[in-house]
Amino acid sequence: MKKNRIIWTFAMLMLVVGMSSCSKSDSEEIANEEPVNEEVTNDEPLSNEGNDYKPIELTRAEQELVTANNDFAFNLFRKAGPRMTNGASGPCFTEPNKSTILSPISITYALGMLNNGAAGETQAQIIKVLGFGETGADGINTFCQKMLTEAPNLDKLTKVMIANTIYMNKDYQLNPDFVTKAKSYYNAEPETRDFHDGKTMDVINQWGSDHTEKMIEKVLDKDEFDPSAVSYLLNAIYFKGAWAEKFDKVNTKDEAFTKEDNQEVQVPMMHQEHEFNYTEDEDCQALCLPYGNNAYRMTILLPKAGRTVYSLAQKLSAKTWQRFQWMGSTAIVDVKLPRFESKTDVDLKPVMSALGMPNAFDDLLAEFPYFCNAPTYIGLMKQVACIKLNEEGTEAAAVTVIGMKENAMPQEPKHVNFHTTRPFIYVISEQSTDAIFFIGQYLGD
């Protein structure tokens, strides 16, 4: 039997917050910071005046799609995120006892676009893993189109960009129906190139840099770029948000942080007291820190004493996530949060296979007949992530590349302490849909 040909999948993420950048150049200041002797631009307004929040309107069916996709986000996090110290949690797809950050929605865009070229059990597995069930490929397309169109326009103080593109080897042709769907739902415009010209890798890297505000300057290196590939599909997501209530740098002090192995380290701990949305249960405290006009927010889940991020992650689902988002009450919260940065480099091939889509990675079982004029399968799927968080806010970017190679009621606010002096989980999401853009854990490293 002739083997299918390879889909090389490479996903690179960077989540950046703070004064420095994960790229070679220094990161720009977070939006909403008052400039010194600089002209104010319309891209970064200084206040919420005229910045009213208009939520994304979803039908009941569309909301069910988002909820199901959030289940994928938590399933992904469990597989590629927190690990037990003794390794008893099974195969470890990331380095044990290290902070991790992932972008589930970036994977959804990459696989969603590719899925329009899939068929049979391969397509069914991708649809199921992403959480779109009976709605099929069209359900993924509708979700991605909705977020692509509306997410960037929710908050003038939070910059969100989502972009997709396709680079095609001149020796091959994409299926016309695939091209139509890529353009219609993902705004992806295919470009035909000679992959042997010695320039295509640089073009791909430049596209990633351009669509992440230069935060991701290298998507592929020489060992990863294959000039014999049929095609490279790219998705880029960029996020830049200023806290609605900033932390005063004067209040940032070095304080003790207890890691999961009980080792105590010193971290720069930001501090403020303000009214925030807060809730708790027997497992954790949950705090919501909004950006800009509250369209986007970071939810921090702090396991209670005696519990771990691993045990908490096992209980996370779209249902529990909704409880954290909607059942909280306002409280005066004394917040301590580390200013931190961390990186993740994870092979997603075993992760996604374990989540339920092994056929896509099997050269004999994979079915992508509607992608192009060559049989293909996924040969590599990787994600690299970086996060930096400071007093001003959060900046985040994600680039995913898929390469095809031939072969409640008001009440008096209570006062609570929310001191993240031990490992915690954090989620960046859009408020009206609860759609999860990024999810990670900080372990003190």
Considering all heavy atoms, the nearest P190-K183 contact
CD-CE, 4.0 Å

Are K240 and E213 packed together at the side-chain level, in the sense that at least one heavy-atom pair is separated by less than 4.5 angstrom?
no

Among residues at least two apart in sequence or on other chains, which ones pass ring-ring contact (aromatic ring centres under 6.0 Å, His included) with F225?
Y232

So salt bridge (charged side-chain N to carboxylate O under 4.0 Å, His left out) across residues 118-129, not counting sequence neighbours, yields none

Residues forming a ring-ring contact (aromatic ring centres under 6.0 Å, His included) with Y370, sequence neighbours excluded:
none

Between the side chains of N51 and D155, does any donor sit under 3.5 Å from an acceptor?
yes

What's the shortest heavy-atom distance between G292 and T158, and which atoms?
N-OG1, 4.3 Å

Would you call N205 and E217 a side-chain contact if the rule is heavy atoms closer than 4.5 Å?
no

What verdict does the side chain to side chain donor-acceptor pair (under 3.5 Å) test give for Y53 and S432, after you've listed the backbone C-alpha separation in whole Å, the side-chain angles of each residue and the deciding distance to 0.1 Å?
CA-CA 10 Å; Y53 173 44; S432 63; 3.2 Å; yes

Quick one: does L312's side chain get under 4.5 Å of R307's, heavy atoms only?
no

Derivation of the side chain to side chain contact (heavy atoms under 4.5 Å, CB included) call for K218 and D221:
CA-CA 7 Å; K218 181 179 287 187; D221 59 30; 4.0 Å; yes

By salt bridge (Lys or Arg N to Asp or Glu O under 4.0 Å) - contacts of K170 (at least two apart):
none

On a heavy-atom basis, which atom in P423 and which in E260 lie closest, and how many Å separate them?
CG-CG, 3.5 Å

Contacts of H196 that satisfy ring-ring contact (aromatic ring centres under 6.0 Å, His included) - sequence neighbours left out
none

Determine whether I126 and Q123 satisfy the following criterion, side chain to side chain contact (heavy atoms under 4.5 Å, CB included), listing intermediate values before the conclusion.
CA-CA 5 Å; I126 293 174; Q123 186 180 66; 5.7 Å; no

Between Y291 and Y296, is the ring centre distance below 6.0 Å?
no

How far apart are the closest heavy atoms of P152 and V160, and which atoms are they?
CB-O, 3.1 Å

Check against side chain to side chain donor-acceptor pair (under 3.5 Å), D52 and N293
CA-CA 7 Å; D52 296 335; N293 66 1; over 6 Å; no

Qualifying salt bridge (charged side-chain N to carboxylate O under 4.0 Å, His left out) pairs with a residue from residues 348-359, counting only residues at least two apart or across chains
none

Tell me if a side-chain donor or acceptor on Y186 pairs with a main-chain N or O of G112 at a distance below 3.5 Å.
yes

Under the side chain to side chain contact (heavy atoms under 4.5 Å, CB included) rule, collect the residues that match up with A236, sequence neighbours excluded.
W207, H211, T212, V399

Side chain to side chain, I166 and E189, heavy atoms closer than 4.5 Å:
no

Taking all atoms of both residues into account, what is the closest heavy-atom pair of G356 and V129, and its distance?
C-CG2, 3.5 Å

Locate the shortest heavy-atom distance separating A360 from Q125; write the atom from each residue and the value.
N-OE1, 4.5 Å

Parallel under 30°, tilted from 30 to 60°, perpendicular over 60°: which one fits the rings of F276 and H274?
tilted

With sequence neighbours excluded, residues passing ring-ring contact (aromatic ring centres under 6.0 Å, His included) with Y167:
none

Let's go through T433 and E430 carefully: what are the C-alpha distance in whole Å and the side-chain angles of both, what is the deciding distance for side chain to side chain donor-acceptor pair (under 3.5 Å) to 0.1 Å, and is it a yes or a no?
CA-CA 6 Å; T433 62; E430 194 279 319; 2.7 Å; yes

Residue set satisfying side chain to side chain contact (heavy atoms under 4.5 Å, CB included) with D197, at least two apart, ordered chain then number -> R193, D194, K199, T200

Min side-chain heavy-atom separation L148-Y185 under 4.5 Å
no

Do T100 and F77 have side-chain heavy atoms sitting under 4.5 Å apart?
yes

Taking A137's backbone N and O only, do any of them form a donor-acceptor pair with N141's side chain (distance below 3.5 Å, no angle check)?
yes

Scan residues 139-148 for pairs that pass salt bridge (charged side-chain N to carboxylate O under 4.0 Å, His left out), counting only residues two or more places apart or in two chains.
E62-K146, K146-E150

Is there a side-chain contact between F74 and I436 (heavy atoms, below 4.5 Å)?
yes

Under the side chain to side chain contact (heavy atoms under 4.5 Å, CB included) criterion, do F424 and C284 qualify, and how do the steps go?
CA-CA 9 Å; F424 57 89; C284 71; over 6 Å; no

Flag side-chain contact, heavy atom, 4.5 Å: L287 against V333
yes

Are S317 and D71 close enough, and set up right, to give a side chain to side chain donor-acceptor pair (under 3.5 Å), and what steps lead you there?
CA-CA 5 Å; S317 66; D71 265 328; 4.7 Å; no

Any residue meeting side chain to side chain contact (heavy atoms under 4.5 Å, CB included) with F132, in chain and number order, not counting sequence neighbours
L65, N69, T108, I127, L130, T135, I140, F143

Decide yes or no on side chain to side chain contact (heavy atoms under 4.5 Å, CB included) for L114 and I378, but give the supporting numbers first.
CA-CA 10 Å; L114 175 61; I378 298 178; 4.1 Å; yes

Apply salt bridge (Lys or Arg N to Asp or Glu O under 4.0 Å) to D202 and list each qualifying residue two or more places apart in sequence or on a separate chain.
none

